[in-house]
Structure formats: C-alpha cells, structure tokens
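Beneath this line is the structure, given in structure tokens, with notes to follow.
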There are 2 protein chains.
Amino acid sequence: MKSGQASISDIAKALGVSVSTVSRALKNHPDISEETCRKVQEYARRVHYSPNAMALALKQKRSLTIGVIIPEIIHHFFSSVISGIEDMAYGSGYRVMICQSNEDYLREMINVQALIDHRVDGLLVSISKNTLDHNHFRDVHQREIPIVFLDRVCYDIPSDRVITNDFEGARLVVTHLLERGCKKILHLAGPQHLSVGRDRYEGYRQALKENNIPFDEEYVLRCDTPVKLNSRRNQVLALAPKADAVFAVNDFTAVAAMRLLQENAFKIPEDIRVAGFGDDPIAAMVRPALTTVEQRGYDMGREAARMLINRLTDDKDKAFQTKTYPAFLKVRDST
Amino acid sequence: MKSGQASISDIAKALGVSVSTVSRALKNHPDISEETCRKVQEYARRVHYSPNAMALALKQKRSLTIGVIIPEIIHHFFSSVISGIEDMAYGSGYRVMICQSNEDYLREMINVQALIDHRVDGLLVSISKNTLDHNHFRDVHQREIPIVFLDRVCYDIPSDRVITNDFEGARLVVTHLLERGCKKILHLAGPQHLSVGRDRYEGYRQALKENNIPFDEEYVLRCDTPVKLNSRRNQVLALAPKADAVFAVNDFTAVAAMRLLQENAFKIPEDIRVAGFGDDPIAAMVRPALTTVEQRGYDMGREAARMLINRLTDDKDKAFQTKTYPAFLKVRDST
DNA sequence: TAAAATTATGCAAACGTTTGCGACACCCTA
DNA sequence: TAGGGTGTCGCAAACGTTTGCATAATTTTA
C-alpha cells in the first residue's frame, strides 16, 4: 500500500493469507471459514479498502459504466434527462459518464471515442444539431456496444429509441392556436435533419391541413435559438403584423420571441399569441406564462437507461424498440 | 478479438510479432523499424483498435480521469461550471466523471466512494446543502487524492478552493437597494452552514451596518427555493407590506418571490424591489428583469479544473490556495 | 578478424482482480 | 485401516497494457 489505496494483496500480506482467500473472504464465499472472513473484512474496513473498478472491469470485460452524450447540459430538458438516467443507472449498480457535444459534430466524435476507450458497456445518445454523418455511431454498433438514442434519434443505426411524440405535440399546440382563431401562424423551426425539428414542423403542417388553412412557406423561419432570433429580428418584426401567432420549436426561442414582440409594442396574447415546446421551467415564470408542450425529460432518461441496462443483461438479442412518450399541451396565458 | 474490440495482442498475433513490439510501434518508439511501425499502425487502423483505458489506468496507476460532484445539474450555475471543467479537462487530456448529489448527504458519500473505486486522479466538489459531516472528504484526502472545492467549499479539509466573493456581492446588491431608498429589506437566506449562505447573509448585514440601518432578525427568512417560499407564503405576504425590498439568496427564489408578490397586487419595483444572486438566464427573461449578482460559473469551473490538473502534474506539494472571483452587480428593472 | 556498437525484437513482470482447480488436513464410515 | 467426504486454503492464469532487460542479428570499429 505505497500510495494511499490498499489492495487485496496488501491485505493478504498483512494477514498472512493468499490473495484468493482475501478475494473470497470479502464476498463471504462459503469456502472460507467464518473466522477468516471476519478477520479479512475487519482489516479491510480498517484500512478503508475499496476495490479497484479498473482491475475489475478488465477482468470481467465489463465496466458497469454507461456513457451518455447529450448536446448541452444547460438545457433543462437535458439535465432532467441526466437525472433520470443517473437514478436508474445507480439503482441498477451502474455508473454514468456524461459528455456534452456542445452541438458540435467533432466533439461528439471525440466523446464517442473517449467512451469507447473507457469500455463503457453501453451508450445513451442525443445527437448534436450539427451531426449529419453517423459513421461514429456505426462504429460503436460494430463493436457490439448497444446504443439507445434519446429525443434526437438516429434512424440509420439499428438501436432502441426513446422519443416524445413531437409530431402530435406540435399538431396539438397549433390546433389549439387555430381554435383560438389564429389563421397566420409563424413557425420558428428547428433543423430539418433532426427528427425533432422535422416532426414538429410536420405536426404544424398537419394541423393547418386538418383545419383547411393554406400553408405558406413564408411563415416558416429556420430559427431555433434566441441568438438566431435576434439576428433575424427584422424579418420576424416584418412578419409579425401580418401574423396572429408564433409557434417556436422550443421554449427559449419562444420566450425570446415574446420579449422581442413586447419590446416592439405587441401585446401578448391580444395582438399575437405565442407558444413554445418543451415546458422548460422558464415557461411558467415569464409573463405572460408561456403555452407549451410538456416533454418528460426525467422519465425519458430513466426509460432510456432502463432499456439499455435491460439489453446489457437480460435480452441481448431482443428486437429493437422505440418508446414514444405522449405529448401534453400546457395551456397558459400567452395564447 | 472475440467481441468487437481488438487488443494489442490481437494485432500482435495477426502480424506475427510480439505485443511489446506492437505497443511500441503504436507510439513510434525509435527502437522499432519504420517498416514495422507502418504495418502495425495500418493494421490497427483497419481493425479500429482503441487502447483500453482501464488497462492503462491499472498499469500507470492513474486514470487521467477527474471526478466531479455537484449538487444539481439543472441549475444553470452548475451546468456552466461543468462546461468550464469539461473544456479545461479535455484540453489537458483528462476525462471527467460527473455525479450529482441532489443535495443529499448520503448520495454525496456514495458518489465519493464510486469515484474512489474508479480511481479518479482528483476530485472537484461543490458540497450538498445537507452535508454537515465532512469525513468522506477527509477519507479522500487520506488517500492522497487531491480535491478542489468550488463555490460551496469546505474549510475543514486542506485543499484548493474556487469561490465567488459572496460577501461582497451581497454587500453590493444590498447597498444598491439602500441607495434606492429602501429601509426594510427582507432577506431570503440560504443554509448558514454553507459558505455561500453565510457569506451572503453577512454581506447583507454589513451593508445595513455601513448605512446605519438597524438589523432586524424578523426580516431574515431561511428560505432558498421556490418550494420553500411557497410553503412560507403567508409569512412572506405578512412581511411584504412593511418591507420595501426583497433580497433572495438566489435567482430562482427571487423570481418566485416576484411572482408571489405580483399575484398579490404588489407592483415591482414601485411597491417593493426585488433582487437575486447568480445571474441565472431567467433573471434576464422575467419581467421586470431581475437585478442580481453575476457569478461566473464557466470560468470558475475552468479555474478549478486548472488548479486540480496543475496539482496532479507540476507542483504536487505547493501550498493550497483559494481563488476568489469578484462579484459584479447587474442592475435591471426589478430594483 | 575479433571485439564493440547498433538495430530490432522478444520475454516477462507488474498493475488488482476473479476463479477453476488442485492440495492438504481432517473426520467419518464400513 | 483404507477409502471417501468435507472444509479451508493456495496456485496460477487471465484481462490489456507498459517497460526494463535480455537476445539476436547486423554493422561498425580497431
């Protein structure tokens, strides 16, 4: 025990027994006498023995660790996801390594490689906005490391998936706006190569179609962050007088839109209604409180972890499945 | 290479050389001929060889991993901290294992143990609200694993620390309120066993003292979350008519207070002014926008990681130091 | 041409575990 | 008293690396 950490063989030496005896004694193996068990365990406790997870992982060829790659931890949705993952993982004896891609393709690839190097048993991934190529995930798949995609999923790779019913959520919220009498709904859309961006866009179109409102390309702006909104403020302000509602692909952009409109003397919801997506806590705190679509991050994280751990243990070869969480409308004061 | 992952000895076997040759060839050791290097590296690339970090860690007795324990990832401050830590760590070849204590003492202890088991090279910690006993950190210290405390620090353990000047921040914001003419300032305080809670409280008192405003115990409420605020709403509403300002220990509580007051027909800032601490993004988004104290989470995380890595490499035995970030007042519409 | 130096490679130990198998020393039974 | 059973324990291999040292072949030097 040269440096702080006692090993099994330190204990063996100190007690004059073999390492195998110590190893067995520590887990109350029936081969070992009670007397020896007691002595070993007592000594182990005295020196604060803690098993070396690396050595274990090496031996057992599994690390009991799952890797998580999410775009940005600062978004409430993703931090809820992480909490869900952690709770489920810890409860099942797994550890979690969390990485952020920062919406960056290169960083995502680096993260994947780092997690592979660490021999994680499985991967939980929500892909970055700027990821168009999925070969790094294909690599993971070829290594027989199971992946569960979550929210921002990838349909190229055979895998389990956990998603919100984005299509239905968007359809619901837009239908709600139409029921309020809106005819011209501006959609601040997300990237169309992302499942969530596309599905919400299509839900928007579906709602229009169902209500016989003509679709107008001009009323769709690719704009999914407050920063982007700000850089397109003139365009938005030019459209706003003609529009009677804004549906943003997420709550942050919706709130930013609300502020922009309010600063320009629009009254919400009187002059123009605003809705978001995700039910970030901010939605309930701004004034007027934001109508949005609930997205259960914690539950989705938990479920994704459950599916992954399941595949790691019980049914390795079960058919892949996609779990879809229903979307619930949260009507507040902004619509 | 039975299961997906090729090892060094798989390469050795395939190429008819020894594992030591492969190991050296992979890192361009001068002992190995160019020819062999080329062959080995080419083959390694073909089979997607990636070194087993566990085996490496075992051999080298260091994992190039640092463990992070923070209370709750959903708080913007802490997720910024994490981003700062990650960027610095990745840039220096370190990996990061992130754990949440969820403000729970037991969970914090479990996290510490898990990170010890994983043989992290060092620890970055912001202690939980419910941690009164610090023996689990003393254990870490005895194992000669360096710790850097961050924001919520612990003075019992010899270690580096990174903090905000909470005292000064609170003094500034309260002074600002007094300059606005306030005389009765309600303080929604944090736990007094936490450095941040105590320092902000004392900053509040100091500001009063400097301005010859009598301190009144009745105007200090231990209440640092929206939930707690809600359960004490009657108490707050009883005090509000007599008070002319509220200073909350964090922005979430401040915003919750604003909403409570607004719902009860108080005008902000006309009837009562409200200030928070931390400059959470929500502070800029609510109306009126919240006056608060800036706290540079990203930079603090980066700095903490830098200090830790420094201690891990260069100067193991340098004297411990505490880095204090200055606090800046952000005056907005709520005061 | 023998000795010395150089070049390229392999052996084996070590890191901390787990685990199949074999080795004892007993005690019991027939 | 020989055979078998049982209760305790140790040996050694294996997991994937790195690295000091030995080895062998080749070249250089004197």
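Labels below follow one simple rule: chain letters A, B, ... track the order of the sequence lines, proteins then strands, and each chain is numbered from 1. Note: hydrogens, waters and symmetry copies are ignored here, and every other heavy atom, side chains too, is used.
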Original post:
Within a reach of under 6.0 Å around CD of A/Gln142, are more than 12 heavy atoms found that belong to other residues, nucleotides or ligands?
Top reply: yes

Original post:
Among side-chain atoms of B/Asn135 and B/Asp133, is any donor-acceptor pair under 3.5 angstrom?
Top reply: yes

Original post:
Between C/dT19, C/dT17, C/dG16, which nucleotide gets closest to the side-chain atoms of A/Leu56?
Top reply: C/dT17

Subject >> Spacing between B/Arg62 atom CZ and D/dT17 atom P, to the nearest angstrom >> reply: 17 Å

Original post:
Would a 4.5 Å heavy-atom cut-off, applied to side chains only, mark B/Glu303 and B/Arg306 as touching?
Top reply: yes

Subject >> Non-neighbouring partners of A/Phe320 that pass ring pair (Phe, Tyr, Trp, His ring centres under 6.0 Å), sequence neighbours left out >> reply: none

Subject >> Salt bridge flag under 4.0 Å for residues A/Glu103 and A/Arg152 >> reply: yes

Subject >> Heavy-atom check, side chain of A/Gln100 versus side chain of A/Phe78, under 4.5 Å >> reply: no

Original post:
Are B/Lys59 and C/dG16 close enough that a side-chain N or O sits under 4.0 Å from OP1 or OP2?
Top reply: no

Subject >> Angle of first-five versus last-five pair axes in the helix from C/dT1-D/dA30 to C/dA30-D/dT1, to 10 degrees >> reply: 70°

Could you run down the sub-3.5 Å N/O contacts of the protein with nucleotides 4-6 of chain C?
none

Original post:
Given side chains that start at C-beta, do those of A/Val148 and A/Leu124 come closer than 4.5 Å, heavy atoms only?
Top reply: yes

Original post:
Counting heavy atoms not belonging to B/Arg62, are there more than 12 under 6.0 Å from its CZ?
Top reply: no

Original post:
For the pair made of CE in A/Met54 and C1' in C/dT18, what is the distance, rounded to whole Å?
Top reply: 17 Å

Original post:
Starting at CG of B/Asn28 and ending at C1' of D/dT19, how long is that distance when rounded to a whole Å?
Top reply: 17 Å

Original post:
Within this structure, what is the CG-to-P distance between B/Asp117 and C/dG16, rounded to whole angstrom?
Top reply: 14 Å

Original post:
Under 4.0 Å between a Lys/Arg side-chain N and an Asp/Glu carboxylate O for B/Lys39 and B/Glu42?
Top reply: no

**OP:** Identify whether any heavy atom of A/Asn52 sits under 4.0 Å from a base atom; if not, whether one sits that close to sugar-phosphate; answer base, sugar-phosphate or nothing.
**Re:** sugar-phosphate

Original post:
B/Lys13 NZ to D/dT17 C1': how many Å, rounded?
Top reply: 14 Å

Subject >> B/Glu86-A/Asn102 side chain donor-acceptor pair, cut-off 3.5 Å >> reply: no

Original post:
Looking at A/Tyr325, is A/Lys323 sitting on its ring face, NZ or CZ under 6.0 Å from the six-membered ring centre and within 45 degrees of the normal?
Top reply: yes

**OP:** Mind calculating the distance between NE2 (A/His29) and P (C/dG20) to the nearest angstrom?
**Re:** 8 Å

Original post:
Between C/dG10 atom P and B/Asp31 atom CG, what is the distance in whole Å?
Top reply: 12 Å

Subject >> Contact list for DNA chain C against residues 16-24 of chain A - heavy-atom distance below 4.0 Å >> reply: A/Ser20, A/Ser23, A/Arg24

Subject >> B/Lys27 side-chain N/O to D/dT18 phosphate OP1/OP2 under 4.0 Å >> reply: yes

**OP:** Please work out which residues in residues 32-39 of chain B have a non-hydrogen atom less than 4.0 Å from an atom of DNA chain C and list them by number.
**Re:** B/Ile32, B/Ser33, B/Thr36

Original post:
Is A/Asp87 salt-bridged to B/Arg107, going by a charged N under 4.0 Å from an acidic O?
Top reply: yes

Original post:
Are B/His118 and A/Arg95 close enough that a side-chain donor and a side-chain acceptor fall under 3.5 Å?
Top reply: yes

Subject >> Between P of D/dT17 and NZ of B/Lys61, the distance in whole Å >> reply: 19 Å

With a cut-off of 3.5 Å and sequence neighbours excluded, list every side-chain donor-acceptor pair involving residues 25-32 of chain A.
from, atom 1, to, atom 2, distance (Å)
A/Asn28, OD1, A/Gln41, NE2, 2.9
A/His29, ND1, A/Asp31, N, 3.0

